J.: 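Have a look at this one.
Only a predicted model underlies this, so the values are computations on that prediction, with no experimental measurement involved. Counting from 1, the numbers follow the sequence of the chain as shown. Side chains included, hydrogens not; waters and symmetry mates left out as well; all remaining heavy atoms used.
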Amino acid sequence: MIGRRLGFFTRLLDDAPAGERYRLAIEQIRHAEAVGFDTAWVAQHHFDRAEGGLPSPLVFLGHVAALTSRIRLGTGIITLPLEQPVRVAEDAAVLDLLSGGRLEVGVGSGGTPSSFAAFGQDSARRSAVYAEHLAVLVEAWSGRALSGNPIYPEAPRLLGAIWEATFSVSGGARAGRAGNGLMLSRTQPRDEDAPHATLAQIQRPIVDAYYENLPPGATPRVAASRTVFVADSRAEALRYAEIGLTRAAEHFRVAGFPVPDGGLDGLITAFDVHVGTPEDVIGSLGADPTLDRVTDLIFQVHSVDPPHPLILRSIELLATEVAPTLGWAPQSTALTSAEPRSTALTPTELSRT
């Protein structure tokens, strides 16, 4: 993992009311910054609290930006077909300035079909609408006039901060052709003809297509998200993995999806989870060949979802024991405590932009 960035990702799923979920996620992000993580990512979900706790990621990250100083802040992802793209372009431009240029913009076409209906959109057109809205973002951040009106404030830096999430080879090729970053999921559905394919086997063609279509001279940006829960003992890690993965499997069962058998080991395999002591996790991550080709390795605890104190401990163990063995080292400017030292722009600096 030499020269690569280490990230923390959250869907804000702590077992708590919304306001407390937000407070806990902020504490997790600040803790990740304190121990040296390079990036923090939040997901966007609408309506279903069991899927995710945050419908407004840019609003949330604006608050996080004021409480952090170094860690880069990303959306993973904004469901672009459900958004007014000019407003996304403007909001992101303002947030990028307020954060001191720390914003990363992950976008995707995903979303539950019922969410599309509530926004007056047709889920069947999500791919086409996604392409249209992404084109508007690019136009806006390029400084081109939108119906005669260029956006303000200008945000050309964000052209190099776009990431596209995809499950498909064609999506990997699209992101590569555009020179955008590629975001790989922590898990993916298996095809009926290959139900036991590994995550690496599924994602390898996507990464291949990305690199094959990347313009000459373009710098690759490939982020792989992985579910990782590290604990001080294997017994503790497996105990919380069994609780969380059994809960997730029941959610799948109720929704009508097949649930694997084979007990806890079957669930760990089916949900593509890395769990255990630092030594256990180092071994399982080292067996994932996809990670040899990524620029950003992003860790999350879903769908184990242990209690908040254990998430903080897992973050610590990842930074101090797991990631260093993979070649990662924290930036020299990493904080030594969770106290924020903001580098957001001051009013005087804002007046000069």
J.: Would you check if the side chain of Ser185 reaches a backbone N or O of Gln188 as a donor-acceptor pair within less than 3.5 Å?
T.: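 Between the backbone of Gln188 and the side chain of Ser185 there is no qualifying donor-acceptor contact (under 3.5 Å).
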J.: Give a yes or no on whether Phe167 atom CZ has more than 12 heavy-atom contacts from other residues, nucleotides or ligands under 6.0 Å away.
T.: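 Yes - once you tally the heavy atoms of other residues, nucleotides and ligands closer than 6.0 Å, there are more than 12.
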J.: If I take atom CG from residue Leu214 and atom OG1 from residue Thr219, how far apart are they, to the nearest 0.5 angstrom?
T.: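 Between Leu214 CG and Thr219 OG1, I get 8.0 Å after rounding to 0.5 Å.
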J.: Report the residue from Ile202, Val207, Ile206, Asp208 that forms a side chain to side chain contact (heavy atoms under 4.5 Å, CB included) with Arg204.
T.: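 Going through Ile202, Val207, Ile206, Asp208 one by one, the side chain to side chain contact (heavy atoms under 4.5 Å, CB included) with Arg204 is satisfied by Asp208 alone.
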J.: Donor-acceptor pair, Thr246 side chain versus Ile243 backbone, under 3.5 Å?
T.: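 It does not hold such a pair.
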J.: So, Arg177 and Glu212, do they make that salt bridge, N to O below 4.0 Å?
T.: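 Salt bridge: no.
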J.: Go through the steps to decide whether Asp14 and Arg21 satisfy the test salt bridge (charged side-chain N to carboxylate O under 4.0 Å, His left out), and finish with yes or no.
T.: CA-CA 6 Å; Asp14 293 275; Arg21 283 186 176 193; over 6 Å; no
J.: Using a strict cut-off of less than 4.0 Å between a Lys/Arg side-chain nitrogen and an Asp/Glu carboxylate oxygen, indicate whether Arg226 and Asp272 qualify as a salt bridge.
T.: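 Answer for the salt bridge query: no.
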J.: Does the ring centre of Phe9 sit less than 6.0 Å away from the ring centre of Phe37?
T.: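 Ring centroids of Phe37 and Phe9 are no less than 6.0 Å from each other.
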J.: Can you name the one residue among Asp91, Leu98, Val42 that meets side chain to side chain contact (heavy atoms under 4.5 Å, CB included) with Leu61?
T.: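 Single pass found, and it is Val42.
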J.: Any salt bridge between Arg221 and Asp296, counting N to O under 4.0 Å?
T.: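 No.
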J.: Is it the case that the side chain of Trp41 and the backbone of Leu73 share a donor-acceptor pair, with hydrogens and angles ignored and the cut-off at 3.5 Å?
T.: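 Not confirmed, Trp41 side chain does not pair with Leu73 backbone.
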J.: Verify the neighbour count for atom CG of Asp15: are there more than 12 heavy atoms of other residues, nucleotides or ligands below 6.0 Å?
T.: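 No - once you tally the heavy atoms of other residues, nucleotides and ligands closer than 6.0 Å, there are 12 at most.
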J.: Quick check: does any side chain N or O of Ser142 sit under 3.5 Å from a backbone N or O of Arg144, one acting as donor and the other as acceptor?
T.: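 Not confirmed, Ser142 side chain does not pair with Arg144 backbone.
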J.: Do Gln84 and Val88 have side-chain heavy atoms sitting under 4.5 Å apart?
T.: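 The answer is no; the side chains never approach within 4.5 Å.
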J.: Does any N or O in the side chain of Thr75 come within less than 3.5 Å of the main-chain N or O of Ile77, such that one atom is a donor and the other an acceptor?
T.: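 Checking the backbone N and O of Ile77 against the side chain of Thr75, no donor-acceptor pair under 3.5 Å is found.
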J.: List the atom of Ala93, the atom of Ala155, and the distance in Å for their closest heavy-atom pair.
T.: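 So the minimum-distance heavy-atom pair works out to CB-CB, 3.6 Å.
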J.: Is there a donor-acceptor contact under 3.5 Å from the side chain of Tyr211 to the main chain of Arg293?
T.: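 Yes; judged by distance alone, with no hydrogens or angles, the pair exists.
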J.: Given side chains that start at C-beta, do those of Leu54 and Tyr22 come closer than 4.5 Å, heavy atoms only?
T.: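 Yes - at least one pair of side-chain heavy atoms lies under 4.5 Å apart.
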J.: Verify, without hydrogens or angle tests, whether Ser314 (side chain) and Leu310 (backbone) share a donor-acceptor contact under 3.5 angstrom.
T.: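 No, because the side chain of Ser314 does not come within donor-acceptor range (under 3.5 Å) of the backbone of Leu310.
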J.: Ring of Trp328, cation from Arg4 - is the NZ or CZ under 6.0 Å from the centre and inside 45° of the axis?
T.: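 The answer is no; the distance or angle limit is not met.
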J.: Output yes when a side-chain donor or acceptor of Thr295 lies under 3.5 Å from a complementary backbone atom of Val222, and no otherwise.
T.: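 Yes; judged by distance alone, with no hydrogens or angles, the pair exists.
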J.: Do the side-chain N and O atoms of Thr68 and Arg102 include a donor-acceptor pair separated by under 3.5 angstrom?
T.: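 Yes, because at least one side-chain N or O of Thr68 sits under 3.5 Å from a partner of the opposite role on Arg102.
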J.: Answer yes if the side chains of Ser225 and Gln300 hold a donor-acceptor pair under 3.5 Å, and no otherwise.
T.: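 A pair is found: one side chain offers a donor N or O, the other an acceptor, under 3.5 Å apart.
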J.: Let me confirm one number: the CG-CH2 distance from Asn180 to Trp163, rounded to the nearest 0.5 Å.
T.: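 The distance works out to 10.0 Å.
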J.: With heavy-atom distances below 4.5 Å as the criterion, would you say the side chains of Val322 and Val230 are in contact?
T.: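 In short, these two side chains touch, coming nearer than 4.5 Å.
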J.: When you check the gap from the basic side-chain N to the acidic O, do Glu27 and Arg30 get nearer than 4.0 Å?
T.: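 Salt bridge between Glu27 and Arg30, a charged N being under 4.0 Å from a carboxylate O: no.
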J.: Do you know which two heavy atoms are closest between Ala50 and Leu13, and how far apart they sit?
T.: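 What the structure gives for the nearest pair is O-CD2, 3.6 Å.
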J.: Supply the atom-to-atom distance Leu134 CG to Leu137 CG, rounded to the nearest 0.5 angstrom.
T.: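 Reported value, rounded in 0.5 Å steps: 6.0 Å.
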J.: Kindly indicate, with the supporting measurements, whether the criterion salt bridge (charged side-chain N to carboxylate O under 4.0 Å, His left out) is fulfilled by Asp96 and Arg157.
T.: CA-CA 9 Å; Asp96 193 50; Arg157 192 200 70 78; 2.7 Å; yes
J.: Nearest 0.5 Å, please: how far is OG1 in Thr79 from CD in Gln44?
T.: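 Result: 4.5 Å between the selected atoms.
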J.: Would you check if there is a donor-acceptor pair between the side chains of Tyr130 and Glu164 at a distance under 3.5 Å?
T.: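 Yes, side-chain donor-acceptor contact under 3.5 Å.
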J.: Once you round to the nearest 0.5 Å, how far does CG of Asp288 lie from OG1 of Thr198?
T.: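 If we round to the nearest 0.5 Å, Asp288:CG and Thr198:OG1 are 7.5 Å apart.
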J.: Salt-bridge test for Arg313 and Glu316: reply yes if a basic N is under 4.0 Å from a carboxylate O, no otherwise.
T.: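 Salt bridge between Arg313 and Glu316, a charged N being under 4.0 Å from a carboxylate O: yes.
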J.: Nearest 0.5 Å, please: how far is OG in Ser99 from CZ in Arg72?
T.: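 Separation between the atoms: 7.5 Å.
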J.: Go through the steps to decide whether Glu250 and Arg247 satisfy the test salt bridge (charged side-chain N to carboxylate O under 4.0 Å, His left out), and finish with yes or no.
T.: CA-CA 5 Å; Glu250 180 59 25; Arg247 181 174 55 233; over 6 Å; no
J.: If you measure only the distance, is there a donor-acceptor pair under 3.5 Å linking the side chains of His196 and Gln201?
T.: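 The criterion, which ignores hydrogens and geometry beyond distance, is not satisfied for Gln201 and His196.
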J.: Is a donor from one side chain sitting under 3.5 angstrom from an acceptor on the other, for Ser115 and His46?
T.: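 Side-chain D/A pair, Ser115 to His46: absent.
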J.: With no hydrogens and no angle check, just 3.5 Å: does a side-chain donor-acceptor pair link Glu33 and Gln28?
T.: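 No, no side-chain donor-acceptor contact under 3.5 Å.
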J.: Check whether Asn213 reaches the backbone of Ala209 with its side chain - one donor and one acceptor, N or O, closer than 3.5 Å.
T.: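 Yes, Asn213 side chain to Ala209 backbone: donor-acceptor pair under 3.5 Å.
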J.: Is there a side-chain contact between Trp141 and Val105 (heavy atoms, below 4.5 Å)?
T.: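 A side-chain contact under 4.5 Å exists here.
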J.: Please answer whether the main-chain N or O of Arg11 pairs with a side-chain N or O of His302 as donor and acceptor at a distance below 3.5 Å.
T.: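 Confirmed, His302 side chain pairs with Arg11 backbone.
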J.: In sequence, state the C-alpha distance, the side-chain angles, and the governing distance for Ile311 and Phe229, and then conclude on side chain to side chain contact (heavy atoms under 4.5 Å, CB included).
T.: CA-CA 8 Å; Ile311 295 175; Phe229 173 49; over 6 Å; no
